[in-house]
Amino acid sequence: MSAVYRVDLDAFARNLRRVSEAVAPAAHMLVVKDDAYAHGLEPIVTRAVAEGVRWIGAFDVVTGAAVRRIAGPDVRIFVWLIGGADDLAAGIAADLDLGIGDEALLDDLSRLEADRPARVHLKVDTGLHRNGIRPERWEAALAQTATLVAAGRVAFEGIWSHISEASDADDDDARALFLAARETARAAGLDPRFSHLAASAAGFARGEFREDLVRVGAFSYGIRPSGGPGEQELGIEPIATLWATVTTVDAAGVHLDVGSLHGLPSALGARFDVLAPEGPRRVEAIAPTETVLAPWAGAAPGDEIALFGPGALSSATDLAELIDTIGEEIALRVSPTVARTYVSTAP
Ligand SMILES: *Cc1c(COP(=O)(O)O)cnc(C)c1O
């Protein structure tokens, strides 16, 4: 026995149903960046496809191609980190939908020899400045895209952006820029089949942001926002539990086999309780390779203790709030050296 990160794929499926219902009639694009928020790409994609998810947001082209191998031909896979011509060629070969936020990539597309048109979703920068075509460059980028469409090199599929979801007022400004950019595109003869700008938070809370697709990562995995609505209110549930095993019991306390090197921030030491057989026990300290708990009678090597997630007293976001961060930060830190196991009642 050693530490494991146990993922409940049935709970994941329930979240997927909840997300689809919450964003309908828009479609749910399941975001699987960072190894499906550290839950493991292959089992997550496999289950999502079985549950009827038809759009997957994969971040980069390598991940997108991996998702294509796992998911088969019937899903649309959107990627938005594209390095240059080689990435574009690989993306077209894997039949990916390409999020293009850089005019240099349009130049690359005009030179690329490909056996089919690239499916392009143009990204307009609506204020986050991560990437995206600046509003003052938008018309030039549209003209270039129209030329590529006419030459059969591009299929114009979508317009998209990314918003901060930190303040409604900023998001409203971003949406106004987005809608204006779409009008300009339509006037230029480029009418997108798919518009998308919301992620988890706006997708749930703000109907006018849903458009055709909502790119949902966090809520699909049951990670609620720090300081925001609770899981019950959102109708989602955390899906993964970090389980540790007692290695030794001594005068210092009960020692577990996970520490900060496995992903548990040491700043959480003396900040939260776990559920021991005799009731809650304080996490006294988190060292690089172990965590020490306040003792209980009968503690023995081999006992299993849940640190966060279903079965524990805290969720990832509960722990994140203790150290002023977000739930993703806790979930994503679970080290690849911690084995993942999957529980499911599905055949
Ligand atoms: C990560 C990401 C998302 C998903 O965000 P969540 O808040 O986890 O739902 C959506 N779109 C883009 C572009 C992203 O990078």
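Atoms within each ligand, like the ligands themselves, are counted from 1 in listed order. These figures come from a predicted structure and were not determined experimentally.
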Side chains of [X] and [Y], heavy atoms from C-beta outward: is any pair under 4.5 Å?
| X | Y | answer |
| --- | --- | --- |
| Asp102 | Ile133 | no |
| Leu268 | Val283 | no |
| Val120 | Arg153 | no |
| Leu148 | Phe156 | no |

Protein heavy atom at shortest distance from [atom]:
| atom | answer |
| --- | --- |
| atom 9 (O) of ligand 1 | Ser200 OG, 2.5 Å |
| atom 1 (C) of ligand 1 | Lys33 NZ, 1.5 Å |
| atom 11 (N) of ligand 1 | Arg215 NE, 2.9 Å |
| atom 5 (O) of ligand 1 | Ala199 CB, 3.4 Å |
| atom 12 (C) of ligand 1 | His162 CE1, 3.4 Å |

Ignoring angles and geometry beyond distance, decide whether [X] reaches within less than 3.5 Å of ligand 1 through its nitrogen or oxygen atoms.
| X | value |
| --- | --- |
| Val216 | no |
| Arg130 | no |
| Trp160 | no |
| Val31 | no |

What are the atoms of ligand 1, with element, lying closer than 4.0 Å to any heavy atom of [X]?
| X | answer |
| --- | --- |
| Ala218 | 6 (P), 8 (O), 9 (O) |
| Gly217 | 4 (C), 6 (P), 8 (O), 9 (O) |
| Tyr37 | 1 (C), 4 (C), 5 (O), 6 (P), 8 (O) |
| Trp80 | 12 (C), 13 (C), 14 (C), 15 (O) |

Item to complete: Mark yes when over 12 heavy atoms from residues, nucleotides or ligands other than Glu231 sit less than 6.0 Å from its CD; otherwise mark no.
Response: yes
Worksheet item: Out of Trp55, Phe78, Trp160, which one pairs with Phe194 under the ring-ring contact (aromatic ring centres under 6.0 Å, His included) rule?
Response: Trp55
Response to the item:
Closest non-hydrogen atoms of Ile163 and Ala174, given as atom of the first, atom of the second and distance, are CG2-CB, 3.7 Å
Worksheet entry | No-hydrogen, no-angle side-chain donor-acceptor test under 3.5 Å, Ser315 and Thr317 | no
Worksheet entry | Positive for salt bridge (charged side-chain N to carboxylate O under 4.0 Å, His left out) with Asp97, one of Arg119, Arg54, Arg68, Arg193 | Arg119
